[in-house]
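Remarks on the structure that follows.
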Amino acid sequence: MRLTDFWQRLELAFGAGYAESVATDQTLTELGGRTIREALASGAETVTVWRAVVRAYPDRIPARLR
């Protein structure tokens with residue numbers, strides 16, 4: 001998954017303003033207690049991070065974006 005696709009999906013799922021907050025303020029256990037931005041900055045694959053987001057927020061991610 002390209003990084004631009006990742007950010008588009010995150011914004012579609014959470015809205016532009018809240019997506020940024022989720023990416024910078026929320027830590028995910030599946031990402032080793034890191035935020036989305038921290039995980040991506042450390043070299044985590046975008047698809048791995050996206051799968052962690054989907055599992056962490058199953059009610060927020062529409063099926064078409066999974």
Side-chain angles (χ1 to χ4, degrees):
M1 170 187 298
R2 293 182 331 199
L3 193 55
T4 55
D5 293 334
F6 175 89
W7 290 114
Q8 287 175 339
R9 288 178 186 210
L10 198 66
E11 287 187 9
L12 287 170
F14 292 97
Y18 189 53
E20 181 60 31
S21 176
V22 169
T24 57
D25 300 331
Q26 305 291 321
T27 59
L28 301 180
T29 303
E30 196 168 327
L31 298 177
R34 298 176 293 175
T35 67
I36 292 168
R37 286 206 175 271
E38 290 169 337
L40 292 172
S42 70
E45 295 287 328
T46 54
V47 69
T48 301
V49 176
W50 181 249
R51 288 178 183 151
V53 171
V54 169
R55 285 189 284 275
Y57 301 98
D59 296 337
R60 291 294 304 239
I61 311 297
R64 65 184 171 78
L65 297 177
R66 293 174 185 230

Check salt bridge (Lys or Arg N to Asp or Glu O under 4.0 Å) between Arg60 and all other residues, then give those that pass, not counting sequence neighbours. none

Closest heavy-atom pair and its distance - Leu65, Arg9: O-NH1, 3.0 Å

Does the side chain of [X] reach to within under 4.5 Å of the side chain of [Y], using non-hydrogen atoms?
X     : Y     : answer
Trp7  : Ile36 : yes
Tyr57 : Leu28 : yes
Thr46 : Trp50 : no

The single option from Thr27, Val49, Thr24 that satisfies side-chain contact (heavy atoms from CB on, under 4.5 Å) with Thr35 is Thr27

Are the side chain of Arg66 and the backbone of Pro58 linked by a donor-acceptor contact shorter than 3.5 Å?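 It does hold such a pair.
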
Asp25 side, atom CG; Arg37 side, atom CZ - distance, nearest 0.5 Å: 10.5 Å

Gap separating the CD atom of Gln8 from the CG atom of Leu3, nearest 0.5 angstrom: 10.5 Å

Within a reach of under 6.0 Å around CD of Glu45, are more than 12 heavy atoms found that belong to other residues, nucleotides or ligands?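 Not more than 12 within 6.0 Å, no.
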
